[in-house]
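For the numbers below, each heavy atom of this structure counts, side chains included, while hydrogens, waters and symmetry mates do not.
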Amino acid sequence: MCRHLAYLGPPVTLASLVLDPDHSIYEQSWAPADMRGGGSVNADGFGLGWYPEGDVAVSGGPVRYRRNVPIWTDENLPGLAGSIRSGAVIAAIRNGTVNMPYGQAAVAPFMLGDWLFSHNGRIPGWPDSTLKLAERLPVADLLQLDASVDSALLWALITNRLTEGVPPADAVATVVQEVEAAAPGARLNVLLTDGEQLIATTWTHSLHVHQTADSVTVSSEPFGPHQWTEVPDRSLLVATATTLHITPMEGQE
C-alpha cells in the first residue's frame, strides 16, 4: 500500500529526506516495516514534488519528478536529489493495487496549480463503489483524470471541493468520510500541501510526525535518528512549518 512523506521547514536537500536517513523512503521501497497486509514491496514507481527556492522558482508553483520504475533503479536520482533544496516536499513510492493500471500517470504526487497530493491506501470495490461520488464531478474533471486509478479519483473529489472554495482541511475530511461511507473499509491516508500548509489523514494506515521549532515532517514510517510520534488512526493533521494540530475525525469508531 505505498509509502509517503511530507516536509515543511527550512530548505533541505531532497536526498536528506528521501535517500540518506536510516530506513528512508528509499529503503522502505524494498523493506517496509508496517504495510498492514498491503503488500511487501513498493516497486511500482515513485514520485517527488517540491517547491523551488529563490531565483529558480517557477511562478511559485511546485515541480514533480515521477517515474514508473522502482526507486532504486533510477541512476539519476541521487545526483538530482542531492542538488535540489526545498522547504516544502512530498515524496511517495507506489505499490500498485491489483487490477488497477500501472504507469507514471498513476504515481503520486498528483498536482493541480499550487497543490500536491498523495494517497496511501485503496478504495475497495473501485470503481463501482464510487460511482455515485463520481457522478457529482463535472464531466471534464473525469475526462482529465491523470489515470484510471482510485487515487486519481480521490484527488479529483478533493480538488472539486477546493475549487468551490472549501477550506483545504474541510475538503479533505469531507471527502475521506464520504468515500468511507461509499466503500467501507477504505484505506485513506492522504497528504495535501500548497507549500505553506500541510493536511494529512490517518485512515487505517500508519502515519508518524516529527516536529521541531521550525519544521514538521510526516511519514508512513519513522526514519532517521528523530523522535517520532504516531498519529492516532482516523485523525486529521493540519500543520505549517511552525504549527501542528491533530484532531479526531468525525465518525471515529
Donor-acceptor pair, side chain of Asp214 and main chain of Gly9, under 3.5 angstrom: no
query: Do Gln144 and Leu112 have side chains that get closer than 4.5 Å, going by heavy atoms?
result: no
Check: Tyr7 side chain, Leu14 main-chain N or O, donor-acceptor pair, under 3.5 Å: no
query: Hey, is the main chain of Leu116 close enough, under 3.5 Å, to the side chain of Thr193 for a donor-acceptor pair?
result: no
message: Over 60° means perpendicular and under 30° means parallel, so tell me whether Phe117 and Phe110 are parallel, tilted or perpendicular.
response: tilted
message: Checking the side chain of Gln28 only, and the main-chain atoms of His23 only, is there a donor and an acceptor separated by less than 3.5 Å?
response: yes
- prompt: How long is the gap from CD1 on Ile71 to CG on Asp44, to the nearest 0.5 Å?
  reply: 13.0 Å
- prompt: Between the side chains of Tyr65 and Asn76, does any donor sit under 3.5 Å from an acceptor?
  reply: no
task: Give a yes or no on whether the backbone of Leu80 and the side-chain of Ser83 come within a donor-acceptor separation of less than 3.5 Å.
output: yes
- request: Consider only side-chain heavy atoms of I, L, V, M, F, W and Y, link residues closer than 4.5 Å, and tell whether Val175 and Leu131 are in one cluster.
  value: no
field: Check: Phe46 and Ser29 side chains under 4.5 Å, non-hydrogen atoms
entry: no
- request: Mind running side-chain contact (heavy atoms from CB on, under 4.5 Å) on Val176 and Met249 for me, showing each step along the way?
  value: CA-CA 10 Å; Val176 164; Met249 297 179 69; 3.9 Å; yes
Nearest heavy atoms of Leu244 and Ala239, plus distance in Å: CD1-CB, 3.9 Å
- prompt: With no hydrogens and no angle check, is any side-chain donor or acceptor of Trp228 less than 3.5 Å from a backbone partner on Phe223?
  reply: yes
statement: Heavy atoms of Ala134 and Leu153 approach each other most closely as CB-CD1, 4.2 Å
message: For a side-chain contact (heavy atoms from CB on, under 4.5 Å) check, start with the C-alpha distance between Asp150 and Thr130, then their side-chain angles and the critical distance, and finish with the verdict.
response: CA-CA 9 Å; Asp150 54 358; Thr130 55; over 6 Å; no
- request: Using a 4.5 Å cut-off on heavy atoms from C-beta on, say whether the side chain of Arg3 contacts that of His205.
  value: yes
- request: With the side chain counted from C-beta on, respond yes when Leu48 and Leu77 share a heavy-atom pair under 4.5 Å apart, and no when they do not.
  value: yes
message: Taking Val18's backbone N and O only, do any of them form a donor-acceptor pair with Ser24's side chain (distance below 3.5 Å, no angle check)?
response: yes
Any donor-acceptor N/O pair, Ser206 side chain to Ser220 backbone, under 3.5 Å: yes
message: Is any side-chain heavy atom of Glu180 closer than 4.5 Å to one of Gln177?
response: no
query: Looking at Ala81 and Thr13, what are the two nearest heavy atoms and their distance?
result: O-CB, 3.7 Å
message: Please evaluate residues Asp146 and Arg66 with respect to the criterion side-chain contact (heavy atoms from CB on, under 4.5 Å), reporting the C-alpha separation (whole Å), side-chain torsions for both, the decisive distance (0.1 Å), and the verdict.
response: CA-CA 13 Å; Asp146 282 22; Arg66 298 188 297 171; 4.0 Å; yes
- prompt: Between atom CH2 of Trp115 and atom CD1 of Ile199, what is the distance when rounded to the nearest 0.5 Å?
  reply: 6.5 Å
- request: Answer yes if Leu19 and Ile84 sit in the same cluster of Ile, Leu, Val, Met, Phe, Trp and Tyr residues linked by side chain heavy atoms under 4.5 Å apart, and no otherwise.
  value: yes
field: Thr202 side chain to Pro232 backbone, donor-acceptor under 3.5 Å
entry: yes
statement: Looking only at heavy atoms, the pair that brings Leu236 and Ala173 closest together is CD2-CB, 4.4 Å
- prompt: Is there a side-chain contact between Ser151 and Trp126, using heavy atoms and a 4.5 Å cut-off?
  reply: no
- request: Look up atom CG in Leu188 and atom NE2 in His119, then write down how far apart they are to the nearest 0.5 Å.
  value: 5.0 Å
statement: To the nearest 0.5 Å, atom CG of Leu191 lies from atom OG1 of Thr201 at 7.5 Å
- request: Mind listing the closest non-hydrogen atom pair of Pro62 and Gly113 along with its distance?
  value: CD-O, 3.4 Å
- prompt: Which word best sums up how the rings of His210 and His226 line up, parallel for under 30°, tilted for 30 to 60°, or perpendicular for over 60°?
  reply: parallel
- prompt: Does Glu75 CD have over 12 foreign heavy atoms under 6.0 Å away?
  reply: no
- prompt: For Gln104, does the CD atom sit with more than 12 other heavy atoms under 6.0 Å from it, leaving out its own atoms?
  reply: yes
query: Just by distance, do the side chain of His4 and the backbone of Val218 share a donor-acceptor pair under 3.5 Å?
result: no
statement: Correct closest heavy-atom pair for Val107 and Gly47 would be CG1-N, 3.8 Å
message: Check for me, please, whether Leu137 and Leu145 land in the same ILVMFWY cluster - side-chain distances under 4.5 Å, paths through other members count.
response: no
- prompt: Do Val166 and Leu198 sit in the same hydrophobic cluster, where Ile, Leu, Val, Met, Phe, Trp and Tyr count as joined when their side-chain heavy atoms come under 4.5 Å apart?
  reply: no
field: Pairwise distance CZ(Arg234) to CG(Asn189) - rounded to 0.5 angstrom
entry: 11.0 Å
task: Kindly indicate, with the supporting measurements, whether the criterion side-chain contact (heavy atoms from CB on, under 4.5 Å) is fulfilled by Leu192 and Trp155.
output: CA-CA 10 Å; Leu192 174 70; Trp155 175 222; 3.6 Å; yes
Interatomic spacing from CG in Leu5 to CD in Glu221 - rounded to 0.5 Å: 11.0 Å
task: Could you check if a side-chain atom of Arg136 sits within less than 4.5 angstrom of a side-chain atom of Asn160, using non-hydrogen atoms only?
output: no
task: Flag the pair Ser129 / Ile123 as yes when at least one side-chain heavy-atom distance between them is below 4.5 Å, and no otherwise.
output: yes
